[in-house]
Amino acid sequence: MITENTGQLSNPVILNKEEKEDSRFKEFSRRFLKNRPAFLALILLGIIVISTIMAPIIAPYDPYEGEITNRLQVIGAEGHILGTDEQGRDILSRILYGGQLSLLAGIVPVLIAGLIGGSLGVMAGYFGGMINTIIMRTLDIFYAFPAILLAIGISAALGQGIDNIIIAISIVFIPPVARIAESAVKEVREEEFIEAARTTGAKNFSIIRYHILMNIFSRVFVYCTTQISISLVLASGLSFLGLGVSPPTAEWGVMLNNLKEQIFINPLVTVIPGLFIFISALTINLVADGFRDALEIKQ
Amino acid sequence: MENILEGVNISKSFPIKGFLGKTKGTVSAVHDVSFSLKEQATLGIVGESGCGKSTLARLIMRLIQTDEGKVNYRGENILNLTGSKLQDVRKKIQMVFQNPYSSINPKLSIIDNVAFSLWENGVPKEEARKKALYYLDAVGLPKSYALRFPSSLSGGQRQRVAIARALVLEPEIVIADEAVSALDKSVQAQVLKLFQELKKEFSLSLIFISHDLNVVEYMSDEVMVMYLGKVVEKGPAVQIYSNPHHPYTQALFNSIPSMEVGESTLNNSPINGELPSPMNPPSGCRFRTRCPLVTEKCAGDLPPNVEISPGHTAACVLYERVGNEKVLS
């Protein structure tokens with residue numbers, strides 16, 4: 001079997017990294033596709049995301065220009081499929097433009113919280129001891145407040161604007177992400193391959209990169225995807241309460257707030273932004289569930 | 001032959017933390033253990049669960065900090081090395097762990113699991129992979145497995161990966177901590193055979209830790225029997241197996257199920273009682289609470305290490321009285 005003692009093989013196999021990644025991805029997508037609801041949700045979510053991104057091209061009207069003579073049109077009115085609002089602006093166009101901000105406010109805080117909370121959790125879990133106590137107990141302070149109250153408090157302090165919503169929600173999401181990451185790291189740290197890596201003299205950084213992160217990634221990732229829908233609802237909620245995006249900016253929460261005035265005149269139109277918030281949140285949850293199942297994470 | 005590795009009076013106890021981090025007591029895991037490993041020989045360590053075998057291995061590997069004692073590698077104490085010197089010694093002593101399902105990273109391919117230790121020691125990735133492949137070949141894994149992930153491997157195959165990973169740094173000493181306990185009997189035999197082949201092929205010295213007396217007998221030149229953190233008997237394997245002296249060793253051998261048809265499976269006098277808590281070990285001889293030959297003297301001082309024959313010692317007061325035996329300590 002062993003041909004020479006130089007550490008070379010007579011016929012070294014070509015190590016194709018892409019092929020390796022490919023097979024893992026294939027396995028993942030095969031399992032995901034088997035999950036019908038998640039797959040359909042992904043398609044629906046994809047349609048929503050793509051159409052909001054393409055809003056400037058596909059939106060039939062300017063979202064900020066309305067004809068006051070044409071206000072409060074019902075669903076299916078001529079030229080305005082989803083009707084018009086109290087200023088005569090086309091609701092479909094506003095939904096498409098508003099989705100950009102709403103979805104952004106759903107995803108960006110989770111990304112930020114995933115990065116910051118994830119790193120804090122990994123440090124706390126890996127180093128343990130004093131570092132763990134300092135990080136985790138500090139984050140526990142945030143748990144003392146209900147999430148929505150904390151978000152309201154922070155955004156009230158920071159003032160209006162989409163950037164402040166994102167900051168506020170990110171802060172709300174950092175502690176739970178850190179907690180998930182910390183408990184996952186603590187579990188992985190007990191495995192013998194970590195000890196084995198330490199006996200080879202590996203540096204902490206490499207152990208974290210190759211042994212810890214790779215093993216906790218899917219758990220933290222799946223948790224984060226489930227948080228996107230909550231973040232989206234939270235952001236819309238803040239805007240609805242007047243703490244986030246200010247009118248006339250198109251954003252689903254703001255639109256819901258504006259349209260609530262006409263609930264007795266035109267109830268179906270009122271519901272539209274809420275419906276979009278609901279569908280987006282639902283599809284995101286279904287897709288996240290699909291990810292979790294496809295990655296075989298026990299909960 | 002020269003001793004490649006020596007342990008001198010190694011002790012380790014773990015504090016038990018109570019509420020608010022107060023120390024409630026200590027668990028004496030390893031107490032005053034000395035051993036020596038000859039170049040290219042195999043030292044077997046036996047004892048029941050919780051006797052400190054694995055702790056001893058981790059102390060040698062410096063995974064845990066030792067309280068007292070020295071570990072000399074080629075005459076140099078490795079317990080206070082730091083930096084690049086420690087790194088050099090780490091490469092010389094490698095370990096194979098007990099559980100093959102926990103000891104290899106499920107998210108790295110087989111070859112990267114092995115190559116990781118190399119590229120951590122400054123070998124370029126491609127070169128590390130080539131070398132890893134060579135060692136995977138040496139432990140008898142087909143090349144086609146290299147890019148697979150551990151989930152598609154059986155326990156025996158995983159243990160081969162773990163052995164390849166230990167060998168890839170070209171160590172002189174390999175510590176196998178219950179390396180075959182998690183495997184089926186038939187696979188155990190293959191892996192044991194592999195250990196012996198590799199030992200010859202790469203001129204290794206082995207420390208073989210197991211609770212399985214037959215496995216240790218098959219592997220070892222020297223045997224050390226541990227009980228509750230202490231060495232009760234050590235010596236050449238042949239002598240210990242043919243002529244055990246310490247009552248614990250005798251009881252241990254008597255509890256090996258008999259293979260004879262018609263005989264009762266357990267020969268006689270199985271060890272009575274439970275292992276005492278290491279938080280509060282018995283005074284004097286730690287085995288006295290379960291020893292069938294216990295005397296009043298046992299509760300007093302620590303039992304002396306009595307030399308039964310050259311290189312064969314037993315820590316028991318029973319042999320102290322035997323006239324012309326030399327008392328070591």
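To find a chain, count down the sequence lines: A is the first, B the second, and so on, and within it residues start at 1. Owing to the predicted nature of the structure, the values given are computational and were not obtained by experimental measurement.
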Item checked: Contact listing (chain B partner; residues 182-199 of chain A; heavy atom under 4.5 Å) -> A:E191, A:E192, A:F193, A:E195, A:A196, A:A197, A:R198, A:T199
Report which part of [X] has an atom under 4.5 Å of a heavy atom belonging to chain A: side chain, backbone, both, or neither.
X	value
B:L108	side chain
B:F97	both
B:N99	both

Next item on the list: Output the option from B:K91, B:Q94, B:M61 having the highest count of non-hydrogen pairs under 4.5 Å with chain A.
Entry: B:Q94
Answer with yes or no whether the side chains of [Y] and [X] bring together a donor and an acceptor at under 3.5 Å.
X	Y	answer
B:S205	B:Q40	no
A:Y210	B:N105	no
B:H211	B:E178	yes

Notebook entry, point to check: Relative to the ring of B:F202, is the ring of B:Y134 parallel (under 30°), tilted (30 to 60°) or perpendicular (over 60°)?
Noted result: perpendicular
Note to self: Below 30° counts as parallel, above 60° as perpendicular, anything between as tilted: where do the rings of A:F221 and A:F217 land?
What the structure shows: parallel
Donor-acceptor contacts, no H, no angles, side chain residues 104-118 of chain A, under 3.5 Å, sequence neighbours left out:
none

Check: Which of residues 164-174 of chain B get closer than 4.5 angstrom to chain A, counting heavy atoms alone?
Finding: B:R165, B:L169
Item checked: Non-neighbouring partners of A:S229 that pass side-chain hydrogen bond (donor to acceptor under 3.5 Å, both in side chains), sequence neighbours left out -> A:N285
Notebook entry, point to check: Cation over ring, B:K199 on B:F195, under 6.0 Å and within 45°?
Noted result: no
Are more than 12 heavy atoms, taken from residues, nucleotides or ligands other than [X], located less than 6.0 Å from that residue's [atom1] atom?
X	atom1	answer
A:R36	CZ	no
A:Y143	OH	yes
B:K125	NZ	yes

